[in-house]
Amino acid sequence: MGFSGCSFRNTVAITSYKMSSGAADLRQRRKQNCTESDKMAPEERHKENSKLGRSPKYMLIQRFAKLFFGCLAAVTSGMMYAVYLSTYHERKFWFSSRQELEREITFQGDSAIYYSFYKELLKAPSFERGVYELTHNNKTVSLKTINAVQQMTLYPELIASVLYQASGSEEVIEPVYFYIGIVFGLQGIYVTALFVTSWVMSGTWLAGMLTVAWFIINRTDTTRIDYSIPSRENWALPYFACQVAALTGYLKKNLNCSAEKFCYLLVSASTYTFMMMWEYSHYLLFVQAVSLFLLDSFALAQSEKVHEVYKIYMFSLFLGYLLQFENSALLVSPLLSLVAALMLSKYLQMNVKKGTFMSRLLKIMYIYLVLTVTLTLNLLLKMFVPHKENEHLLKFLEIKLGLNTTKNFTMNWLLCQESLQAPSQDFFLRLTQSSLLPFYILVLIICLFSVTQVVFRRICGEPLKETVKLEDGRIGERPEIVYHVIHTILLGSLAMCLEGMKYLWTPYVCMLAAFGVCSPELWMTLFKWLRLKAVHPILLALILSMAVPTIIGFSLWKEFFPRIMTELSELQEFYDPDTVELMTWIKRQAPVAAVFAGSPQLMGVIKLCTGWMVSSLPLYNDDDLLKRNENIYQIYSKRSAEDIYKILTSYKANFLIIEDSICNEVGPVRGCRVKDLLDIANGHVVCEEGDSYAYSKYGRFCHEIKMNYSPYVNYFTRVYWNRSYFVYRINTVISFQS
């Protein structure tokens, strides 16, 4: 009887141990941590205040004043940046003095398409009808019905149109001003979020001010707002910046429960919103998830918090899948595979008894297990989930990494784009001239070495300190700092390969560099290594954390402030009379049911300015549209009139537009011009003695058609031309005799 009682007690003990190791334990530990931090924080502050002879009331007023003026500075910085963008845009395009057509021409390429759908939503008899017409759109691309909301991620336009109509702004402001005003406002939020992130990391809002200064001075490399206002990243990245700011606060140690819950909710809301605004958002979140995975693997953060973020990713992915018309790209995304692998690995660790051989093996093989499961899941999902989205990205990466070669026009055209090239020396020179790059490298080196020391201590079994004090000089033990170090290294590695990635990396370079020079902990970490004895290291760290950013700020003010003011005072000239004339002719002379063919960039402008149907669009996330673009670009190749006629009529095109700038293009890099890429794809290139020549029995179509001789006049009739454009009607009744 005693034996059975002992067995029963052992069974109960084992069962309760397993339960405490599961999900209930995570919740209990989180509550315990919150309770302990809520109790410890007032006690520590009371002891510190009593030592310094300060009353609790005095400290409360001081903290409130610091918070108030910091928030005021953050909001003011964001508002001033938004006003700055608006003023610069007005000076650049003379927007207020232009007619509607001239304003719309400033939207180029894919920007024109996005804004055109915003216009259509406002013209619709009701919002519901407008959404239906976009999801069943057959008035944009000939012979093709598309779900424009899903394919082009038009959720920003849906939100903007709802706000414009619901706020009663029709009688107050024009639609175009309302639209770009929202985008500029979001850029203000972007800057504010960077300000707050640097402030949270350093403890002083002086770091936020320096972040904003560097961001604006290096605007050419921090944002694409100057070139493409409606682009998806301009709508999405402000939400990602808010998510990073909230995540920075969430990862901090000894955070009270209220602040932790607020940060958690903000991370959840901003993650989902970011995913809805940009079709490529899950790739950037994948990079962030890898950063958190490495942070958790080295046990440098509370594992419970990291896995709560994984749950946010999972929830956002599945909610995004449902609300984005069952977007299969989210199901086969590497983010979903990684998060599923991490959660599975965590489950195995929780359900294996601690101290056993299996638990030790899981610890050692954790990273290998996660990577293996991630790759396996991703391959299985791609096998069983039908998907076509973003396949061209994989082909592009394969060619970019030198794993394959191709003569395909689209792939080679993408490889020739400046944003997909390695960054130029001018990029690094600009960052150096503004003093950003040198201070970033200094801060990154100090943080990286400190993190490396902490990792070695963890491997040797030394626990992390609950609270890291200034005199400890261990900045690498702060989980939010470690996260940002890993994140900026990963983003920087991508930016070194693709120049377009600099718009993701450089803002965080500004933030990390500003945090470092304003952080006494970073200077104290450096002085601990140098073992200073002549001067008190804590005092020197506090002095440098104020003096260095002040000196940087004054030097930036002296050198760059006059340039910015000159930039705002100059009236720039942007006028394209040839395009204005072309759009005016189309609206007056072309039949309403006409379909136009030409370069995708021009087709986007035609769709926006006239509303006429086009045969192609400047979008690169759909295989059919990519094939259409390649086929219609053949008007600049060495193909026969009959071949071009058959291509155009297969898309029901009625008018053809030849652009002189493409036909007579003299590009800086030979082989990257449109006509060169077409000659390579069509096999019209002959190599002799190391040189390549384009050869075909037909002349270049865009040149030959201007000569007005047979057989070209049999297929095409010129109906309009100016200095830049030649418009031809595609004949419906022709003679095939030359």
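This chain uses plain numbering: 1 for the first residue, then up along the sequence.
- With D110 contributing its side chain and S231 its backbone, the two residues share no donor-acceptor pair below 3.5 Å.
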Test side chain to side chain donor-acceptor pair (under 3.5 Å) on Y250 and E480; report intermediate values, then the result. CA-CA 8 Å; Y250 185 65; E480 71 274 20; over 6 Å; no
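- Taken to the nearest 0.5 Å, the CG atom of L617 stands 8.5 Å off from the NZ atom of K607.
- For M209, the CE atom counts as loosely surrounded, since its 6.0 Å shell holds 12 or fewer non-hydrogen atoms of other residues, nucleotides or ligands.
- When only modelled atom types and interatomic distance are considered, Q417 and Y620 share no side-chain donor-acceptor pair under 3.5 Å.
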Test log, rule salt bridge (charged side-chain N to carboxylate O under 4.0 Å, His left out), inputs E521 and R478: CA-CA 10 Å; E521 289 181 69; R478 291 174 55 187; 2.9 Å; yes
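- Shown here is W199, whose CH2 atom has more than 12 heavy atoms of other residues, nucleotides or ligands within 6.0 Å.
- Rounded to the nearest 0.5 angstrom, F560 CZ and S555 OG are separated by 8.5 Å.
- At least one cation-pi condition fails for R103 and F93: the charged atom is not both under 6.0 angstrom from the six-membered ring centre and inside a 45 degree cone around its axis.
- The backbone N or O of D221 sits nowhere less than 3.5 Å from a side-chain atom of N218 that would complete a donor-acceptor pair.
- Within the 4.5 Å cutoff, the side chain of S424 has heavy atoms near those of the E499 side chain.
- Residue F428 places its CZ atom among more than 12 non-hydrogen atoms of other residues, nucleotides or ligands, all under 6.0 Å distant.
- A cation-pi arrangement, defined by a distance under 6.0 Å to the six-membered ring centre and an angle within 45 degrees of its axis, is present between R219 and Y88.
- Defined by atom type and a distance below 3.5 Å, a donor-acceptor pair is missing between the side-chain atoms of T506 and T222.
- Other residues, nucleotides and ligands place more than 12 heavy atoms under 6.0 Å from the CZ atom of F95.
- You'll find the ring centres of F184 and H89 inside the 6.0 Å limit.
- In this structure, CD1 in I229 is found 8.5 Å from CG in L85, a value given to the nearest 0.5 Å.
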Test log, rule side chain to side chain donor-acceptor pair (under 3.5 Å), inputs Y440 and T488: CA-CA 10 Å; Y440 168 74; T488 191; 2.9 Å; yes
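- In this structure a side-chain-to-backbone donor-acceptor pair under 3.5 Å is present from S116 to I113.
- Distance alone, capped at 3.5 Å, places no donor-acceptor pair between the K252 side chain and the P479 backbone.
- The environment of CE in M546 is sparse: at most 12 heavy-atom neighbours from other residues, nucleotides or ligands sit within 6.0 Å.
- Judged by distance alone, the side chain of N629 and the main-chain N or O of S616 form no donor-acceptor pair under 3.5 Å.
- A donor atom on one side chain and an acceptor atom on the other are found under 3.5 Å apart for Q288 and Y313.
- We find that R224 and E233 are joined by a salt bridge, their nearest charged nitrogen and carboxylate oxygen being less than 4.0 Å apart.
- For the pair Y227 and T220, the minimum side-chain heavy-atom distance is below 4.5 Å.
- Classification of the W214-F439 ring pair by plane angle, with boundaries at 30° and 60°, yields tilted.
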Ring pair (Phe, Tyr, Trp, His ring centres under 6.0 Å), that's the test. Do Y81 and F215 meet it? Break it down for me. CA-CA 10 Å; Y81 180 62; F215 183 92; 5.5 Å; yes
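- Of the possible donor and acceptor atoms, none in the side chain of E102 sits under 3.5 Å from a partner among the backbone N and O of V580.
- At distances below 3.5 Å, not a single donor-acceptor pair connects side-chain atoms of W278 with backbone N or O atoms of W235.
- Here the side chains of N621 and Y280 are in contact, with some heavy-atom distance below 4.5 Å.
- Considering NZ of K92 and CG of L568, their distance stands at 13.0 Å, rounded to 0.5 Å.
- Between Y179 and Y118, the ring planes lie tilted relative to each other; the angle falls in the 30° to 60° range.
- A side-chain donor-acceptor contact under 3.5 Å links N412 to the backbone of N408.
- Taking 4.5 Å as the limit, some side-chain heavy atom of M276 sits within range of a side-chain heavy atom of Y272.
- You'll find the side chain of I552 reaches within 4.5 Å of the side chain of S435, heavy atoms only.
- With no hydrogens or angles considered, no side-chain donor-acceptor pair links T271 and Y239 at under 3.5 Å.
- The backbone N or O of G188 lies less than 3.5 Å from a partner atom in the side chain of T192, making a donor-acceptor pair.
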What verdict does the side chain to side chain contact (heavy atoms under 4.5 Å, CB included) test give for S545 and T204, after you've listed the backbone C-alpha separation in whole Å, the side-chain angles of each residue and the deciding distance to 0.1 Å? CA-CA 10 Å; S545 66; T204 171; over 6 Å; no
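- Between Y115 and F107, the ring planes are parallel. Angles under 30° get that label, and only those over 60° would be called perpendicular.
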Audit row: V482, F298, side chain to side chain contact (heavy atoms under 4.5 Å, CB included) steps and yes/no: CA-CA 10 Å; V482 182; F298 295 118; over 6 Å; no
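- In this structure, a donor-acceptor pair under 3.5 Å is absent between the side chains of T153 and E279.
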Report the C-alpha separation of V287 and L504 in whole Å, then their side-chain angles, then the decisive distance to 0.1 Å, and conclude whether the side chain to side chain contact (heavy atoms under 4.5 Å, CB included) test is met. CA-CA 11 Å; V287 175; L504 302 177; over 6 Å; no
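- In summary, E174 and R98 do not engage in a salt bridge, as defined by a charged side-chain N under 4.0 Å from a carboxylate O.
- There is a side-chain donor-acceptor pair under 3.5 Å between T579 and Y725.
- R723 CZ: 12 or fewer foreign heavy atoms inside a 6.0 Å radius.
- Residues S198 and T211 have side chains that bring a donor and an acceptor to within less than 3.5 angstrom of each other.
- Ring geometry for H487 versus Y508: interplanar angle of 30 to 60°, hence tilted.
- In the displayed structure, W557 atom CH2 is contacted under 6.0 Å by at most 12 heavy atoms of other residues, nucleotides or ligands.
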Step by step, would you call Y84 with I564 a side chain to side chain contact (heavy atoms under 4.5 Å, CB included)? CA-CA 9 Å; Y84 164 74; I564 293 174; 3.6 Å; yes
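- How far CD1 of I105 is from CG of D578: 10.0 Å, rounded to the nearest 0.5 Å.
- Here the side chain of S450 pairs no donor or acceptor atom with the backbone of I446 at under 3.5 angstrom.
- Between V443 and C447, the closest side-chain pair of non-hydrogen atoms falls below 4.5 Å.
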Show your working on side chain to side chain donor-acceptor pair (under 3.5 Å) between Q601 and E659 and close with a plain yes or no. CA-CA 11 Å; Q601 288 72 25; E659 295 173 67; over 6 Å; no
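- To the nearest 0.5 Å, the span separating CG on L431 from CD1 on I441 amounts to 9.5 Å.
- Scanning both residues, T432 and P438, for their nearest heavy atoms gives CA-CD, 4.1 Å.
- Note on E665 versus R673: no salt bridge recorded, every NZ/NE/NH1/NH2 to OD/OE distance being 4.0 Å or above.
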